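Just the heavy atoms: all of them, side chains too, but no hydrogens, waters or symmetry mates, feed the values below. Bear in mind the structure is a predicted one, so any value in this text is a computation, not a measurement.
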Amino acid sequence: MTEQTQVHAAPAGPVFWPKPTDTNPKLRVGFFGLTGCAGCQLSVLFNEDEILRLVEIIDVTAFPFVRERNIERDFDFLFVEGLVASRNDLETLQKLRERTKVLVALGACAHTGCVPAYRNFTLKENYEHLLYVKDRGIEDINPSPVDDYVKIDHTIPGCPPDKREILSFITDIVGGNKPKTFNNPVCIECRRNNNACLLESGKPCLGPVTRGGCNAVCVNGGFECWGCRGLTDDANVPAMVKLLEEKGYSKEFIRDRMRMFAGLKMPAEVEIIFRAANNKP
Amino acid sequence: METKSKPRARTAKKAIALTVSNPFMPTECKVTKFERQTTDTYTLKLSAKLVHEPGQFVQVTLPRVGECPISISSYSGEELELNIKQVGNMTNALAELRKGDTVYIRGPYGKGYPVKELKGNNLIMIGGGCGIAPLKGIIEYVERHRADYGKIQLFFGCRTPEDLLFKEHHNRWKDKFDLSLSVDQNPANTCFEGNVGFVTAMLEKASLEKDGSVAFMCGPPKMMAAAAQVLHAKGFHDDQIFVSAERLMYCAIGKCCHCMIREKFTCIDGPVFRYDEIGGIQE
Amino acid sequence: MTAAYSMNRANLNPFLSAIAGDFELIAPVRTDIVRFEAVSDPAKICLDEQPFFPLKEFFFRKHEVILKFDGKRFTAPLKKAPKRVFFGVRRCDLNGVLHQDMVFSSGVADPYYAAQREDSLLIGFHCNEAPSEHCFCGSLDLKDFHDLMFFDRGEAYLVQVGSGKGAAFLKKFKKFFTASDYAVTDEDRFIEGVDKLKVKDISGVYDNPGWKPMVDACLSCGACTTLCPTCYCFELREVPSLQDESSERVREWSSCQLKEFTKVSGGFVYRESREDRFKHRIFHQLDYFKEKNGVNLCVGCGRCITGCPTRIDFVTGINEMKA
C-alpha cells in the first residue's frame, strides 16, 4: 500500500460535450479552412445524398467555402481544415478557438501538418525564392499543425478524411454521443477486405503502423498506404523500418515516406531511428 | 447408410437458425426510478423481474447509443437496481433516463458471489468506490437470511465523503452489521465521521477471524490487490477470497473473447472469481 | 464412416459443373492470389496452393447486422444462407470449421453463425504434400471432419464419405462415382513433414525469454488473427442512422493483438503490453482452448506465419525455447 494516491484512480468523469437541448435543439456547427487545398471541406460536401439532411439537423452557422453569409461566433462544434502557415491563419484560428466549444481538426494538415509542413524538413534557401511575402504582404510563418497553437478536442484524420467519418461524427454529436477515434492499423480493414498484402509484392506499404478507419481505400485500389492518417498509438516503428529495409528500402526513403503525411507528428523516438541515416536535416 | 441419412439431414435443416432463441435480442423494460447518488454516479431502478445472484450483471441497451454490462446492485427480485458511474457514452446517456423511459436489457449473466454456498461463514465485504454496488446485493440477501451467517463486517471506502454511495442505507447497515467507512480525503467543510485513509488501512486495524470467514471484494484492481495482501497477512487463504473482475465485454455469452483472463471468460466464468482461480488480481 | 468411392479423374470437372448447376459452389480460385470464391466454371479452380484466406468468412461473417431498431422495437435480420457446397477444402480448414462450430454452438448457440453454416456441405481435398512451408497440422490432433473427402490418386480420386449429409449428396451425383470397398487408413491421411511443432504442451513456456525476439518483430497489425481459420473474437458496434430514429447493431471481427481489444470506458487497457497480447493469441490457440474443449483451437494451417508481414515463426520459436 505504498502507492496511496493511486488506490482510487482520478475520476474520468462525465464527458460533457455540447448536445442538443429543448431550448437549443440544433447544434451550431462551423466549417473553416486555413492554409490547405480545401479537399477536406470538399469531403464534407461529397456526402451529396446526406447533405440536405445534415443542414436539417445541425445549424451550419458558418461555412465560408460555400456560403456567402456566415455567423462566426458561438460555435458548439467547429471543423478546421488546413494548417497554420501565415500570421493571418494564426489570428483566425485563435479567434475561432475562443468562440468554439469543441474544436475538431479536420484532415491531415490540421492533424499533422501533412504535405504543406514538408518545408520544415528542408533548408530555407531551397524555397525562399518561391515565397510570396514581398508581393502579397502575407506574413509567412513556419507551417505547423493546428494543435501547435490551440487545444484540439477531436481529430478526424486523413488526406482527405473519409466522408463517412464526418457523417458519423455528426450523427454521434447530434445524438449526444462522443465519437470514437479509430485506433487500429490499416491492416485490420485491409485484410478484412481480402486484399493481397502489398508488402508481399515488395511495395513500401505503411499500413501496419498507420491508423485505419479509411477502410484501406488506397490498398483496395492497389496503391500502398502512405500513412496519411498518422501513426497508431501502438505503432511498432522499429519493426516496420527493419521490415522495409529488408525489402531493400533505404532509411532515407523510409523516413521521407513516413514524413510525407505524419510530418511533424512523428514521435521523437521515431526520428532517432532515422538519425543513423545521418542525412540532412 | 444412405437410406438412414436422408431423413436425418432434413431434420437437421430445420433444427438450427430459426428455432434457436437469439441471445443478442434484448427485452424492453421501464425505468421506475432515477436517483442521483453522487456527482458522477446514479441509481436506476427497472421494472424487470429477474432471478439473479448478487454479483451477476445485465447487458443494458439504449438504441442508437449501444450496449454495456452493468452489475446488479439489488436482490429483491421485484425490481432491478443498477448503480452506474458515468464514464462513457452509454453511462452518460443512461443518466438522462427518468421514470417511465424505456431501456432494453438481456441477462442476467455470469457467476455471482457464492453467498448461498457459503452459509455458516462470517462475511467480510470490502468495497471501493462504485465497487460497493454489487456488494449491496449481497447485503440485501444477507438481511433476509441473517441467521445463516456469522459475523458480518463491511469495509467501504471511496475518494471523498461526496462519493459515498447508498448513504440512506448506512444507518441501517450500522445497526445490523459492523460497518466501517473511510474516505481517501476529507475536505474541511464536510461532516463525515468515518476514517480518513484507505479502506485497506481499516482492514489492517480490524480484528478479523480467519477461520470460518470469507471475504467478498469489489473495487479498483489496485485496492483489491492491496486488500488481498492484508488478508493474506492475517492468515487468509486464497480460497477464502472472492473478487469481482471488470473487463471489456460485448457478447456476455462467452464468445467474443474480449473479457478473457487467461483461459477464463469474465462473462461466464466470472465476473466473481475465487482468488486462486485467476491467479490473483490481474494488472 | 469409412465408406469409400472412387472417381475417375476425367469426371471431376463434370461433377463440379453439375454441383454448380444446383448449388452455389465455392472453391479455391486463382485471382491475384488463391482464394475461396463462388465459381461456376470448374476450369478456374486451383488446387495447387492453400488459399490465402481461410473459409471462416463464409460462416462467421466479417460484418453482420445482428439487430435492427426501427425507432420502436428491435428485430433480428436473421437470414439463412443459400445452399452452398465448398470444394477443395484442406484438412486444416475443415478442422477450422469444426472448431468454430464448437465455439458458436457450445453454451449459448449463435443463430447468426448457424444460419450461415447450416446448409453448407464440405468437400475436402487431401494434401499429398504440404502446400506451404509453414504448415504444421501434423502437430495438432486433427479429426476427420468433412462430408466428402477427395484424395488425389493420380488417375482417380479416392473419395471418403464423412457424414450422412455427404452420403446423401454423393447419391445425388452417383453417376460420377464408383463404389469401392477400400477403407481410408492413417497412411492415407498422413502428410509428410508437417509435425513441426515439437512442444505439444506449451503451458510451461509462458515466461520464457524466447518470446522476446518474436514480440519485437510484431507489428500488432492483426493479420494473423484475420487470416486464422479459427480465431473467432468479435465486437459489437451501434450504428445510428442519420436519416431517422433507426439504428443497427453490427457485429465485426476483432483481434486480440490490438490495444483497443481490452480498452474499457475511461481508457484503461487491461492487456496492454505487446508481449502479453502476442502470447495471449498463441496460448488461446495452443493451451487455453484445450482446457475447456479438449482440443487445441489451432489447426496448424500456418497462415498466421505465411501472412505475417514480418514472418514471425512462433513454431520454430517455441521449439527453440530452452527450459
Side-chain angles (χ1 to χ4, degrees), chain A residues 9-13 15 47 49-50 52-54 56-58 164 167-172 174-175 177-178 180-201 205-210 212 222 232-240 242-244 246-247, chain C residues 31-37 51-53 57 61-63 213-228 235 237-245 247 252-255 257-261 263-269 272-274 277-278 303 306-312:
Chain A
V15 184
N47 289 302
D49 295 336
E50 294 87 3
L52 291 177
R53 175 68 181 160
L54 277 188
E56 205 177 294
I57 58 174
I58 57 173
R164 291 160 311 168
L167 276 190
S168 70
F169 183 96
I170 293 170
T171 313
D172 276 339
V174 167
N177 295 323
K178 196 178 174 192
K180 284 202 171 69
T181 311
F182 195 90
N183 274 331
N184 299 331
V186 172
C187 296
I188 282 292
E189 291 162 299
C190 186
R191 302 280 186 171
R192 250 175 240 167
N193 293 345
N194 285 10
N195 294 325
C197 182
L198 293 180
L199 283 161
E200 297 300 326
S201 45
C205 183
L206 294 179
V209 289
T210 301
T232 63
D233 301 345
D234 189 36
N236 187 350
V237 181
M240 189 71 216
K242 189 162 167 260
L243 173 66
L244 292 177
E246 281 164 12
K247 296 200 180 285
Chain C
T31 54
D32 48 346
I33 45 177
V34 178
R35 52 175 95 225
F36 283 109
E37 268 187 12
F52 191 77
F53 296 97
E57 64 181 278
R61 297 205 288 181
K62 295 169 188 173
H63 178 103
M214 298 188 250
V215 175
D216 286 346
C218 177
L219 296 162
S220 304
C221 69
C224 44
T225 54
T226 311
L227 299 179
C228 178
E235 58 195 47
R237 203 156 54 86
E238 191 83 3
V239 186
S241 160
L242 178 75
Q243 300 296 347
D244 50 34
E245 285 306 299
S247 183
E252 274 175 351
W253 288 2
S254 186
S255 170
Q257 298 307 294
L258 304 169
K259 227 177 178 175
E260 297 289 302
F261 190 76
K263 192 191 250 181
V264 287
S265 271
F268 188 79
V269 180
E272 191 174 17
S273 85
R274 204 183 303 283
R277 284 181 269 149
F278 184 87
R303 282 195 183 86
T306 14
C308 174
T310 59
R311 290 287 186 285
I312 302 171

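Looking at C:Ile33, only its side chain comes within 4.5 Å of chain A, counting heavy atoms on both sides. For C:Val215, the part lying under 4.5 angstrom from a heavy atom of chain A is the backbone only. Only the backbone of C:Ser254 comes within contact range of chain A, judged by heavy atoms closer than 4.5 Å. For A:Asn47, no part lies under 4.5 angstrom from a heavy atom of chain C. Only the backbone of C:Ser241 comes within less than 4.5 Å of a heavy atom of chain A; no side-chain atom from C-beta onward does. Interface residue C:Ser255: only side-chain heavy atoms are found under 4.5 Å from chain A. Only the side chain of C:Glu57 comes within contact range of chain A, with heavy atoms under 4.5 Å apart. Residue C:Cys224 does not touch chain A at all, counting heavy-atom pairs closer than 4.5 Å. For a residue to count as touching a neighbouring chain, one of its non-hydrogen atoms must lie under 4.5 Å from one of that chain's; by this rule C:Arg277 touches chain A with the side chain only.
Between the C:Arg274 side chain and the C:Asp216 main chain, no donor and acceptor come within less than 3.5 Å of each other. Side chain of C:Thr310 to backbone of C:Ala217: a donor-acceptor contact under 3.5 angstrom is found. Looking at C:Arg303, its side chain never comes within 3.5 Å of a backbone N or O of C:Thr226 through a donor-acceptor pair.
Using a 4.5 Å cut-off on side-chain heavy atoms (C-beta onward), C:Ser220 and C:Lys259 make no contact. Proximity of A:Glu56 to A:Leu52: side-chain heavy atoms (C-beta onward) are nowhere separated by under 4.5 Å. By the 4.5 Å heavy-atom criterion applied to side chains, A:Ile58 and A:Val174 are counted as neighbours.
Listed by first then second residue, pairs satisfying salt bridge (charged side-chain N to carboxylate O under 4.0 Å, His left out) with a partner in residues 182-201 of chain A read A:Glu200-C:Arg311, not counting sequence neighbours.
Across A:Asn194, A:Leu199, A:Asn184, A:Val186, the residue that shares the most heavy-atom pairs under 4.5 angstrom with chain C is A:Asn194. Between chain A and the residues C:His63, C:Lys62, C:Lys263, C:Glu252, the most heavy-atom pairs under 4.5 angstrom are made by C:Lys62.
Shortest non-hydrogen contact noted between A:Asn195 and C:Phe53 is O-CZ, 3.4 Å.
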